[in-house]
Amino acid sequence: MTNIPSIGIPPLAGLASYEEAARPGYGVDENVELMRRYNYVETRLYQLSAAFINPTPEWEVKGALSLHLYLDAEHGLALRNRVAELRRPPLYLDKCPDERLETLFDEAQQAKDTIELLTGIFKVIRPALLAAYQKHLAESNPVFDFPTCRLLKTSISEEEQMIGWGQQALAALLISEDDHATSSSWATHLEAFLNHAGGVSGTDAVDSNLPLPELRATEPFVADVDPKRDWRSGEIYNFHYRANDVYLDPEADYDERVLALMYKRFHEMDVPEMMASIVLQTPGKPWEYYRDMGRQLWDEARHSMMGEVWFAKSGFDWSKYHNHVGWGMHLNLDREPIDRHIILYFIEQNLMDGKTGKRLEWKIAQSAKDELATYFQDYDWADEVLHAQIGRRWLKPDVGDVKAILERAKEITKMSSPSIDARSLTTPQIDWWPDFVRDALGKESTSQAGSEHKLIPTFSYVASGEG
Ligand SMILES: [Fe+2]
Ligand SMILES: [Fe+2]
Ligand SMILES: [Fe+2]
């Protein structure tokens, strides 16, 4: 192949042999057409995860959907950036490239339960996307289309990780024969629509003998943003919650203050639940908005995982206590999306205060000489700095400068909270903190903070919310 004398060092930066590099891959137009389709699939996967964070009860699924939503946001952004480099204006990427793909996703979001949801995403759609990415990478020129190959490699490894988790999660849920039947008939249903679209790439042979089943999606989709939990979160409308008060109580022992702090972290699953409703109900923003919000949503899920890991290390069973959903539920049901975002920003802005905010939380963990909690609070604090920037970036064009946002936040905090009022009337509001301390620390609680439950009519969601 080559006539030049070799001195033994691999040519072409080691990416390929001359033979491999001399094989043309996809032309620019063909490359762009495929990436448009992938981008559509990534966008719809993002929306699918966001739509099911609230109605899906299983705790672990909420955490994984939060990660997946963020990764798909990054995959979409990389595709968009690459297409823009290939002589295409980015706006054209917000149009659906193929109505048959649209039908596939409209059907997938009709999943009736977690089994159908996981079947659609992890048995049908992601494996098809992964296969398309692998084929695209194998057929691309590793030197002359290097940027495309690089983004595909990253997406392939992340899609593989997601599919690995999803298939294990689905296997855990398939217990009865009925479960298996539900899963396989839903997979067959969605595969028919995938096949009709020619697969993710649109180039797979269409099996014309396969008839299209009757559509489940006969009406416009409305996402359920009322948070559900599995039995391990206890009574989710018991809003008696003291962790926010106890960690700040100077009268309390440091080990109890850290316990409260770690419960606060654990409790943060309500932030992904709340943010999912914002991105779902705020259409038409630039993709960078959904990426930034997706990143923050995933960070908040990780903050909840900080508490979850700390409890796991302590051998502590959190399922015995009531992990209420009030903050996210109230904002999702009682407030407009922009007002939810303003409240989130308002809380996070307050957490930047050097004396009372994240710095203090970190100091409390240090004072308790708890190495793991100190480490967690260190990163929690760092993440909040990014979140305050994200809030400012996206609220400014719609609401105004920081002063205007904070003024609006104060107005919102004076508004009523009908969802909290209604549900707290029908659910006993029980103080579980003393039992929790006894079980976790093997001693009596040293704090009275927050023991007077002042819920109705002045539920302070600002105080009980985490950023
Ligand atoms: Fe993805
Ligand atoms: Fe945050
Ligand atoms: Fe957080």
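Ligands are counted one by one from 1 in listed order, and the atoms in each one are counted from 1 as well. The model shown is predicted, which means the values in this text are computed figures rather than measured ones.
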### Query
For the residue pair Phe311 and Phe436, does the interplanar ring angle fall in the parallel (under 30°), tilted (30 to 60°) or perpendicular (over 60°) class?
perpendicular
### Task
Of all N, O or S atoms in Glu348, identify the one at the shortest distance from the Fe ion (ligand 2).
OE2
### Message
Can you classify the ring geometry of Trp381 versus Trp362 as parallel (below 30°), tilted (30 to 60°) or perpendicular (above 60°)?
### Response
tilted
#### Entry: Aromatic contact, Trp318 with Phe266 (centres under 6.0 Å)
yes
### Message
Using a 6.0 Å distance limit plus a 45 degree cone around the ring axis, check whether Arg423 lies over the aromatic ring of Tyr237.
### Response
yes
### Task
Look at the rings of Tyr289 and Trp394 and say which category their plane angle falls in: under 30° parallel, 30 to 60° tilted, over 60° perpendicular.
perpendicular
#### Entry: Metal proximity, Asp299 vs the Fe ion (ligand 2), N/O/S cut-off 2.8 Å
no
### Query
Which value, rounded to 10°, describes the ND1(His387)-the Fe ion (ligand 2)-OE1(Glu384) angle?
90°
### Query
N/O/S atom of Asp383 under 2.8 Å from the Fe ion (ligand 2), yes or no?
no
### Task
To the nearest 0.5 angstrom, please state how far the CG atom of Leu173 sits from the OG1 atom of Thr114.
6.5 Å
## Note on the structure
Angle subtended at the Fe ion (ligand 3) by Glu268 OE1 and Glu300 OE1, to the nearest 10 degrees, is 80°
### Query
Counting backbone and side chain alike, does His303 bring an N/O/S atom below 2.8 Å of the Fe ion (ligand 2)?
no
### Query
Would the His267 and His324 ring centres measure less than 6.0 Å apart?
yes
### Message
Counting neighbours of CZ on Arg393 that are heavy atoms of other residues, nucleotides or ligands and sit closer than 6.0 Å, is the number greater than 12?
### Response
yes
### Task
Supply the atom-to-atom distance Glu336 CD to Ile412 CD1, rounded to the nearest 0.5 angstrom.
10.0 Å
### Query
Closer than 2.8 Å to the Fe ion (ligand 1), how many protein N/O/S atoms do you count?
5
